[in-house]
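Okay, so here's the structure we're looking at.
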There are 2 protein chains.
Amino acid sequence: MRTIGYHHGDLRRTVLDAAVDAIGESGLDGWSLRELARRAGVSHAAPAHHFGDKAGLLTALAAEGFDLLADTLKDAGPDFLEAGLAYVRFATAHPVHFGVMFQPKLYRADDTAVRHARERAGALLAQGARAAEASPVGSENTARAGWSIAHGFASLWLAGALSVPPDADPVEAARPVLRRLLER
Amino acid sequence: MRTIGYHHGDLRRTVLDAAVDAIGESGLDGWSLRELARRAGVSHAAPAHHFGDKAGLLTALAAEGFDLLADTLKDAGPDFLEAGLAYVRFATAHPVHFGVMFQPKLYRADDTAVRHARERAGALLAQGARAAEASPVGSENTARAGWSIAHGFASLWLAGALSVPPDADPVEAARPVLRRLLER
DNA sequence: TCTCCATCTTTCCATTGACAAGTTCTTCAC
DNA sequence: GTGAAGAACTTGTCAATGGAAAGATGGAGA
């Protein structure tokens with residue numbers, strides 16, 4: 001990989017990383033394509049070649065996010081609780097991706113790469129739900145409950161809405177909360 | 001209320017409503033202060049007098065959102081399930097407010113009006129959690145579980161992530177899901 | 001009636017997103 | 001090894017935007 005000269009070498013990756021940094025620092029509307037180009041040391045129009053426009057860049061981020069989520073869920077295995085904790089682990093490890101993924105108006109949700117990655121993650125989520133509920137009766141609601149509680153906890157954590165010690169581990173904080181859904 | 005002449009009469013309210021419309025149509029970055037001013041029939045700098053800047057307008061929206069949420073929770077009473085359903089009802093009835101409220105980087109979360117409204121809503125939420133769990137042991141996790149599942153369901157519903165009939169009622173769809181947390 | 005001040009307008013500038021056209025480099029067929 | 005084709009990037013441009021500054025308007029109270 002070269003980093004000097006007319007051809008950057010890995011501009012697509014560099015701009016995506018810069019976007020994650022910039023959005024992480026300043027929020028979903030505190031960044032510009034031109035700023036990313038400056039950070040990457042290229043001209044202001046270079047990112048457009050790879051992503052088209054802002055929505056195109058966010059589309060790439062969303063696709064990458066669903067893929068990372070699927071990877072995390074796959075590593076966690078089919079256990080219901082572990083899948084939920086993996087979901088929280090992904091969201092807190094990749095907060096920018098997570099934030100973009102579930103704001104479909106910001107990107108092209110019907111993009112092929114996004115659809116494939118989202119379906120892969122969805123299949124792994126459904127697998128975790130089937131592990132918890134053997135009977136098919138009501139299994140859809142069980143799946144939605146598990147997805148909801150994991151998604152909700154992650155969202156509230158990232159929004160800073162939960163009053164927790166500053167150095168707390170989100171996954172360990174989530175464990176007793178997600179358990180509430182299983183044990184009673 | 002007048003709508004012509006130098007003084008608009010109720011520009012603040014008008015611009016807030018226009019912002020809700022615009023964000024609802026085009027998403028959180030598909031709107032501009034100048035567009036809102038045009039919709040309201042005033043000069044492009046008029047909104048700045050009431051809100052300062054974009055973050056100021058979103059701050060007003062967030063404060064209004066937490067107030068509306070508190071109102072909805074108050075109407076629902078202290079029952080745990082009803083509070084959760086009220087949470088979903090608020091989120092789906094005011095999706096733009098809900099979306100802004102939990103993206104604190106977009107506005108000034110330490111604003112006085114926002115803080116007061118958020119604390120009022122938080123107190124009502126905590127009251128619903130106490131109703132479910134008499135013993136103080138683990139009640140914090142119960143509260144977080146309830147908030148998480150309601151927040152998660154609402155977020156996923158608004159993101160279009162749940163596969164449901166197009167005319168389905170979100171509150172009725174949420175009922176069996178939230179029940180999973182109570183009955184087992 | 002006079003004065004103060006909230007409300008709104010006009011003017012201005014740096015920044016941005018997006019497009020068009022041109023330049024540099026790489027790759028691959030022959 | 002060479003030359004054509006295309007990918008990667010640059011330069012130039014334009015309308016739109018956010019935000020600030022300074023001025024105009026009119027309502028409300030003394």
Side-chain angles (χ1 to χ4, degrees), chain A residues 1-62 100 103 105-108 111 113, chain B residues 1-23 25-62 100 103 105-108 111-113:
Chain A
M1 178 182 89
R2 300 175 46 216
T3 52
I4 53 174
Y6 207 95
H7 282 52
H8 179 282
D10 199 10
L11 183 58
R12 184 186 160 88
R13 180 77 269 165
T14 301
V15 169
L16 277 177
D17 291 343
V20 171
D21 287 348
I23 296 174
E25 290 166 13
S26 314
L28 269 171
D29 65 346
W31 62 283
S32 70
L33 284 174
R34 288 169 112 102
E35 178 200 351
L36 303 187
R38 281 192 294 272
R39 290 198 192 195
V42 294
S43 83
H44 67 85
H49 176 73
H50 294 276
F51 304 106
D53 53 9
K54 283 185 91 171
L57 194 152
L58 293 180
T59 301
L61 263 189
V100 172
Q103 218 131 31
K105 279 191 177 158
L106 293 184
Y107 64 94
R108 286 181 272 276
D111 173 83
Chain B
M1 181 180 89
R2 302 173 46 215
T3 52
I4 54 175
Y6 206 97
H7 281 51
H8 179 281
D10 199 11
L11 182 59
R12 184 187 160 89
R13 179 76 267 158
T14 302
V15 169
L16 277 177
D17 291 342
V20 171
D21 287 349
I23 296 174
E25 290 166 13
S26 314
L28 270 171
D29 67 344
W31 63 283
S32 70
L33 284 174
R34 289 168 113 102
E35 178 199 352
L36 303 186
R38 280 192 296 272
R39 290 198 192 195
V42 294
S43 83
H44 68 84
H49 176 71
H50 293 277
F51 304 106
D53 53 9
K54 286 185 90 171
L57 194 154
L58 294 179
T59 301
L61 264 189
V100 172
Q103 217 130 35
K105 279 195 177 154
L106 293 183
Y107 64 93
R108 286 181 273 276
D111 172 83
T112 305

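Throughout, protein chains are lettered first and strands after them, A, B, ... in sequence-line order, and every chain is numbered starting at 1. Values below: every heavy atom of this structure, side chains too, minus hydrogens, waters and symmetry copies.
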Exercise for the section: Scan residues 51-59 of chain B against DNA chain D and write down, sorted by residue number, each residue with any heavy atom closer than 4.0 Å; if none is found, say none. Expected result: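 Heavy-atom cutoff 4.0 Å gives B/Asp53, B/Lys54.
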
Practice task
Can you sort out which residues in residues 39-50 of chain A have a heavy atom within less than 4.0 Å of DNA chain D? Ascending by number, please.
Solution key: A/Val42, A/Ser43, A/His44, A/Ala45, A/Ala46, A/His49, A/His50

Round to the nearest Å and state the distance from [X] atom [atom1] to [N] atom [atom2].
| X | N | atom1 | atom2 | result |
| --- | --- | --- | --- | --- |
| A/Arg34 | C/dC19 | CZ | C1' | 11 Å |
| B/Leu11 | C/dT9 | CG | C1' | 12 Å |
| B/Glu35 | D/dT17 | CD | P | 8 Å |

How far apart are the closest heavy atoms of [X] and [Y], and which atoms are they?
| X | Y | result |
| --- | --- | --- |
| B/Ala22 | B/Glu35 | CB-OE2, 4.1 Å |
| B/Ala37 | B/Ser43 | CB-O, 3.4 Å |
| B/Val100 | B/Tyr107 | O-CE2, 3.1 Å |

Practice task
Decide, yes or no, whether a salt bridge links A/Arg108 with A/Asp53 under the criterion of side-chain N to carboxylate O below 4.0 Å.
Solution key: yes

Completion exercise
Assign each of A/Leu33 and B/Arg12 the nucleotide of DNA chain C bearing its closest heavy atom; nearer the 5' end lies the nucleotide of B/Arg12

Exercise for the section: Would you give the length of the straight line joining atom CG of A/Leu16 to atom CG of A/Leu36, rounded to the nearest 0.5 angstrom? Expected result: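 It comes to 9.5 Å.
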
Practice task
Give, for atom CG of B/Asp29 and atom CG of A/Leu106, the distance between the pair rounded to the nearest 0.5 Å.
Solution key: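 So the CG of B/Asp29 and the CG of A/Leu106 are separated by 5.0 Å.
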
Exercise for the section: For B/Arg38, report the nucleic acid contact type (base, sugar-phosphate, nothing); a contact means any heavy atom under 4.0 Å. Expected result: sugar-phosphate

Exercise for the section: Spell out, as yes or no, whether a donor-acceptor pair under 3.5 Å connects the side chain of B/Lys105 to the backbone of A/Gly24. Expected result: yes

